[in-house]
Structure formats: structure tokens, C-alpha cells
Amino acid sequence: MTDLSVENLTLCAGATTLVESASFKLAQGEFVALLGPNGAGKTSLIRAGIGLQSADDGRSLLDGEPVHSLSPAQRARQIAYLPQIRPLAWPNAVRDVVSLGRFSHGAPLGHLKGLDAEAVDRALEACGLTDLASRRTDTLSGGELARVHCARAFAAEAPLLVADEPIAALDPRQQFRILDLIRAYVDQGGGALVVLHDIQLAARYASRLIWMKEGRIVADGPPAETLTAERLKDIYGVTARVDGAHIHIEGAA
Amino acid sequence: MSRLMILFLAFFLSACERVNQETPARPERPARIVSLDYCADQYVLKLVDRDRILALSPDAGREFSYMRAAAAGVPTVRPNAEDVLILKPDLVVRSYGGGPNAAAFFEKAGVPVVDIGWTPDIPSVMENTQRIADALGESERGAAVNEDMQERLAHLKKRSTGETALYMTPAGVTTGPGSLIHEMIVAAGLTNMEDQYGWRSLPLETLAYEKPDVVAAAFFGSRTNHPDAWSPMKHPVAKAQLTQSEVVSLEGAWTSCSGWFLMDAIEALAGGETQ
Amino acid sequence: MTRESLLMPVLIGASVLAIIAACFLGSTALPADRLLAALFGGADAGDRLVVWQIRLPRAISAYIVGAALGISGAALQGLLRNPLAEPGVLGVSASASLMATFALYYGIASITPWAVPLAAIIGALAATALITLAALRTQSVVTLILIGVGLSSFAGAAMSLLMNLAPNPFSLSDMINWMLGSVANRSFDEITLAAPFILAGGAILFATRRGLSALTLGEEAASGIGLDLQRQRIFTVVGAGLATGGAVALAGAIGFVGIVAPHLIRPFVGHDPARSLAPSALLSGLILVVADIFVRLLPTSAELKLGVVAALIGAPAFVWIAMQRRGGND
């Protein structure tokens, strides 16, 4: 079982501390949502946690090995990463973009065979993109593009998935579709860490919530324990009523 | 708007002012002679005593200047109008020095100019020498130079077996009929392998089929380091000519200007033998 | 895709035909039967010499220079994620020319003939590294191209300065050849000096082409799917530097060639940078051989420079592509 263990991670940019002594674990079978206001340090925490950026203090272990001791390809086989900003430099076909998920397996892109081709087909089907497989990405809508990027991440068939705001700017139906895909992935044995802004959705889908404020992790636990009105006021500065899994946000505090 | 028109007209009219067109008179025996380029240097050094030479061009002592030995110690001046006029010469000799408008400019400034002129064949070289010598006030010396040339030509033992020659330079340039080089080749009794008129690039493909009997190789000594990255001379077919044919080395100084010194080149081409 | 599988065979066939066609042109009239005899056996020594030593090296020079610039252009476009990147536009060719003329005119080439291609490569590597470093700091392609323009201008000016100060007299025609490009009078001697570097550079670019596809997702995600960014940048820079340096040592600075071919190839290979490398190389070589044929056919008094024809074709293409871009990655 692959797991990611982040211990006391600290990240500074000049005089500003982006992340301070953050620790968390991500294991297979978990759906973890990372919550916090803009600028709380969520993206920085993720990037340092999976080794895209060097931390100033603390360490991050993937299966017990420091993340930085792994080559990018080794790391990519264990963790599939979906960044917040997802440019596409060329108007490739959907299938070609999804095939990039197999990059770390050494696949010759454009001529995928065997296991690689099957993984791509599975990812396309799971995300409902089989009909769109030959379409150029510059002809797709926002929702379709989001699914393409998800499919790319799923095609890697890595044990862990880290997604930074995968449903931002999508309509509610698309949002549910993507989160359903991630939940299916977790149900089949994957481990997912997802940054979300929609607290309601996070509470509904995630088995665990990690709350961040001003670079620190202030809470880490199941929604039932960590989701309270005080927490919402503290982290987001809003007054709310929490009723089981339902949240009614009333206004700014 | 009308004020602008008046201003325009004023400028226009002032520019149309006619210039004094008289050519200054040449002194009979100029004593303050300046030459503007190395071709002019040769005539000045050959025909005139040093005490009458005010200044030569900066190239007078270079290796492509035939009279470079005689140029030692003679002051030089850069061939621009300001530097020359300050010396107050009474005659300026030039072929290309000073630029295309130099003659008109110096004459406007009151200094007479002698142009070396274009000489397409050997008789015109001799006429030219005499004309220049007359202008320099040394008619007798000019006549002596021409007499020497005539004698050397008369005693020349030409190659008589119809051998072909090709003029080659490191820059890969050769010439056919219409140039002085061609006339020199003919005077030596050879046939020019290049039969197309004028200066052109070495005919590499022709050289693949036929080789000249004699290669008139000019400037190879002085420019062995010359890069010329695209010169046809670098091509193996052209380089082969230097080893497979008889090579007559011509000094750059003999062929880079027209003058009596081309006799050295003709004699070298003819095999160096004299009767 | 059947279109894609036909692409390489068609390009290879067209390239061979173009090279043979180029051998038809020359100052002596050589009818087809004698030409083919000289190429494939038989024919007298003169014909063989003309075809094998004079015409064929010229055609082959044009081809491998085009191929080198084409593959470098396609690779740089993949690395910088921009269809306007190209050794000529980015000032790489001009910098290579500058170093080559320095080696040539200051006597370094007299130590060893390898000095010229090596100097050209050093110039190309320096320029490519500079451009890549700049690309790290700015996402704007306009900035990169402006840097390239600056580099080209600087290299051109420095070349004039160096030539004026050189201990050996220079010829203006040589300088024009370095700045505008020409394959006149090329023999197998020069090809032997340049070809190893062109082949090495091309091989490096071809071997590391997968990473260029990964960059389609942007640097962040590309790193996430397992691309070693530093390694990819270094190899692409080195490969493009070697190939461009070798090409410039052989034929001077020819610009815009590396823009047209990748642009034409992209629709056939699904806009995948990795798959565009080899076809771009072949098509660019083909284009330059055809351009060289034009250069010799056009009835101008002095032979046109190859770079002039390349710019006549490539610069309008450059402007057209620039206008087509929807400002996506600017």
C-alpha cells in the first residue's frame, strides 16, 4: 500500500512563510479534502509535499523514501498530479492528451500498445470521453476539458492522486461528475487528496478534511469532527449553521 | 501654409546656385604632389624625385605595391579631402582614392587632379604612362619607361605551342577577354582557357573536364591566410589544378594595378626566358 | 492514421528526387542519360567528377543544413511551446555565424579546420542557453522573439566590427555569405567537417523527443507526469546548438527555414512535438534543396543568396502564424 507522509514541512518565499510545520498523511482508500481560504498555502503544501518544490524544513516520504530521492518518473508512477493551472500548448487530440498520463511508463506516445493502450481506453471510458477521443482539445468546452485532464490523471493508474481545484469554474453537474469519478477511483483502491473550495461538496465526498489557515494545518479529521460553525468562522470568516452534513452559510462574519 | 511655401522656395533657389565650373590650371612642373591610392603611388614614385612628393597613400609600402621599396620614408596621408587639402598640394594623382567625386571636389577646391584612367590593353597602358608623365612634368622619364617596355616585349620568347592558361586567385576569381589580365596572357603567347567575357567565378565544372596547361596564380603568396569561406578555390577540383598543372606564381603587385610592371607578369608567364 | 504513416515514405522519396533534380543544374549542360550514368555507374571521369564532386555535394549540403535547421526548429518549438521559435528567429544562427567568422578571420582556423564548426557550435549553444534561461523567467513569446532579434542584431554588428578589425583583409562577399547563407562551392571536405555535429545534434534531439510531448501540459504538469525538466532543457539546448552550429559552419546563417516545415507537418502528426521532429527535418531539407534550385535558376546577374530565398518563403509564413495565434500562451 502506497502512502505519502508529510512531516513538519516548512516553505518560505523570501520573508514570507507560505507553509509552516505542516504534517499529514495520505494513504490508499482515503478521499481527503484540503480546505482553506485563498492564500492559505494549499497549493504550496501540495507542491512541496509531492516534491515539485524543495521545502525549507521538514520532509516528505513516499512509501518511506524521501520524495526528493526519487526520479520524476518514479514519483509519477506513484502519484498522479493534477495542477491548478492546466495549459495546453498545442491543440492535440483528446486521446493524445490522455496518453500523456502513461508518460512515466516509458510509452512511445502516438503508438501506444498493450497495457498502456488499455489504461488509456479505461480512462477515456471512465470519464465519458470515448466519443470525443479524436476531437482536438481547442474545440472542447470547459467541462469537457476538465474531464480530459482528469482522464489524463487516471490513465496513469497510480495508487495516489493529488488534485488542485479540479472542479473550479465548472457547473454543478460537471462538478458532481468529476467528484464521482474521483470517488470511484478511491473505491477501487486509490488514495486522493483534493483541494476544494466548496465545503458542502467536500463534506459530502471526503472521508477526511484537512483545514489550513495562514500556512498552518489547524485541523485534520473526519467531517463529523472537524466541520463546525466555529471552524467555518475561524477559517473562512463566515457565519454559518452546520446541520449534520448540510451547511448553511449566512454571510461574512 | 504660404509662409512654408516661401521658405521652401528660398531653400530651393539657394540650392540651384550655379557653381564656378572652371578647372584649375596645372603647373608645368608640380613640386607638391600628393597621390591618393597605391595605384597612383606607383607612377608618382617611378617618375618623380622624392623632393617633389608631398605625400603618398597609406598603402604605398604594402606588399601589393610594386614600388614599396622606394616608398620607404616618404610621408603618407589618408585620402580624405580635409587631410589632403591642409597640405596645400599643387597636384593630386589618383585612380580610385578619395571616392568617385574626388576629382570634381579637388578641382572645385582649386587643386588640379590627374586621373590614372582605364587601360584595357597594353598599348593603352603605354599611352597612359606618357600622359601621366607629361602631367607630372617628367615627359622624358615617361618615354624611357615606355621604351623599356617595348624592348622587353620585343625580346620576349613567347610560348608558341598554343598552350592554355587560366588566371586563378585565392578568392576564386578569374577573367576572360576584356581585361588587362587577358591581354597579358595573350602577350605571353598563351590562350586564355576562360573564353567568356569579363570577371567571373572559377569555372569548376569546366575544370572537371579540361585542365589548363599553365595556371597563372596571383595573390597566393600574400593571401595564403585569406579565409574566403565560399571561394571556389577551396574546392578540391580547383585545388587540384595547383598540383596537376604548371603553376606560374604572379606577385600581387604585378597585376593589381595597370602599369609598366605588368611586364614582369608577362615575362613570368612566358616562361621567364628571353632572347 | 494512414496520412501519418505515408508521411515519412513520401518525404524520403521527394527528398531523393529533389537531390537528383538539383544535380541537373550546373554550368555545363549534362543531359539526363549522362547524369544518371554518372550517378549509378558508367560514364567517363569528367562527368563523374562534375556530378559527384561539384553538384552532389552542393545538393547534399543544402539538404543537411535544411534538415538540421528543421529539426532544431521543431525541437525548440516543442521546448518553448511556441510555433514561432526557430534558430534564425531566436538569434542562434547569427551567434553561430559570429563565432565562426571570429575563428576564421583571427587565424584560429589555421590551427585546425575543426575550429570553424566548433566555434559555430559554441556560438549556437551560448545563444540557445540564453534563450532558454530567458524562457524560464518570462512566459511571453513576444519577449523571447525580441531577445532573439536583439541577439541577431548584436551578432551582425559584432561580425562587422570583427571583420573590420581583422588582421587579414576580408571580402564583403564573404560577410554577406555568412549573414545570408549560401551553399555555393561546397565540397565533401566541408560536409565532413560539419556533418558529425549535425548528426550528433539531431540524434540527441530525436532521442529526447518524448519529453517535448510532455511539455504540452505545461511545465508543472509535465514535471508531474514524470519529466525531468532540467534534463530535457539541457538536452534540447545541446542538441539544437550542435545541429545549428554545424549547419551554420557549412552554409552560414539561414533563417526562417525551421518555421515553415514544422508548421506544415503539425496537422499530419496531431500537433505532437515529438512526432514532428523527423518529418520536419526531412521537409526542411527538401525545402532548402528546392530553394537552392531556385537560386540557380533565377536569371539574376549575381547568384541570389540561399538565405534570401528562405526568408522570402519563411518570413511571410512567420507573420501569418503570428497573426493566427489566438493569444493563448502569450
Side-chain angles (χ1 to χ4, degrees), chain B residues 37-38 58-59 61-65 96 166 168-174 176 193-212 218-245 252-253 256, chain C residues 25-30 38 44-55 57-58 97 100-110 113 116 120 163 166-171 173-178 180-190 248-252 301-303 305-306:
Chain B
D37 51 66
Y38 76 100
D59 290 336
R62 304 277 305 270
E63 53 178 347
F64 45 80
S65 166
Y96 67 85
L166 186 67
M168 294 177 105
T169 58
V173 191
T174 188
M193 199 176 119
E194 177 60 66
D195 51 7
Q196 291 196 50
Y197 193 87
W199 291 89
R200 48 196 55 248
S201 208
L202 281 175
L204 285 180
E205 296 203 355
T206 316
L207 286 173
Y209 293 104
E210 49 177 296
K211 305 183 184 327
F219 297 100
F220 277 87
S222 61
R223 290 210 198 175
T224 39
N225 291 336
H226 195 298
D228 253 338
W230 274 268
S231 164
M233 201 58 229
K234 290 182 62 184
H235 198 282
V237 168
K239 284 201 284 204
Q241 308 308 318
L242 295 178
T243 49
Q244 291 171 14
S245 311
S256 58
Chain C
L25 293 177
S27 51
T28 37
L30 210 57
D44 63 18
D47 285 352
R48 272 209 308 279
L49 202 59
V50 165
V51 170
W52 282 91
Q53 296 298 325
I54 299 176
R55 297 187 182 184
R58 176 167 182 151
S97 247
T101 48
F102 176 76
L104 207 47
Y105 284 92
Y106 284 79
I108 305 174
S110 52
V116 174
M163 281 182 158
N168 290 313
F170 69 96
S171 71
S173 75
D174 227 33
M175 183 162 124
I176 292 177
N177 277 328
W178 281 109
L180 289 181
S182 167
V183 283
N185 305 321
R186 297 290 95 173
S187 66
F188 278 112
D189 291 348
E190 283 100 14
V248 168
L250 186 53
S301 53
E303 198 178 81
K305 298 300 160 203
L306 203 51

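Excluded from the calculations below are hydrogen atoms, water molecules and symmetry mates; all remaining heavy atoms, backbone and side chain alike, are included.
- In this structure, B:S231 and C:N185 approach most closely via the heavy-atom pair C-ND2, 4.0 Å.
- In terms of modelled atom types and a separation under 3.5 Å, the side chain of B:W230 and the main chain of C:S182 share a donor-acceptor contact.
- Between C:I54 and B:H235, some side-chain heavy-atom pair lies under the 4.5 Å cut-off.
- With a 4.5 angstrom heavy-atom cutoff, C:R55 touches chain B only via side-chain atoms.
- Proximity to chain B (any heavy atom under 4.5 Å) is shown, for C:V116, by neither the backbone nor the side chain.
- The side-chain heavy atoms of C:D47 and B:Y209, taken from C-beta on, include a pair separated by under 4.5 Å.
- Without hydrogens or angle criteria, B:E205 side chain to C:T28 main chain gives a donor-acceptor distance under 3.5 Å.
- Only the backbone of C:A251 has a heavy atom closer than 4.5 Å to any heavy atom of chain B.
- B:P236 places a side-chain heavy atom less than 4.5 Å from the side chain of C:D189.
- In this structure, chain C has no heavy atom under 4.5 Å from any part of B:K211.
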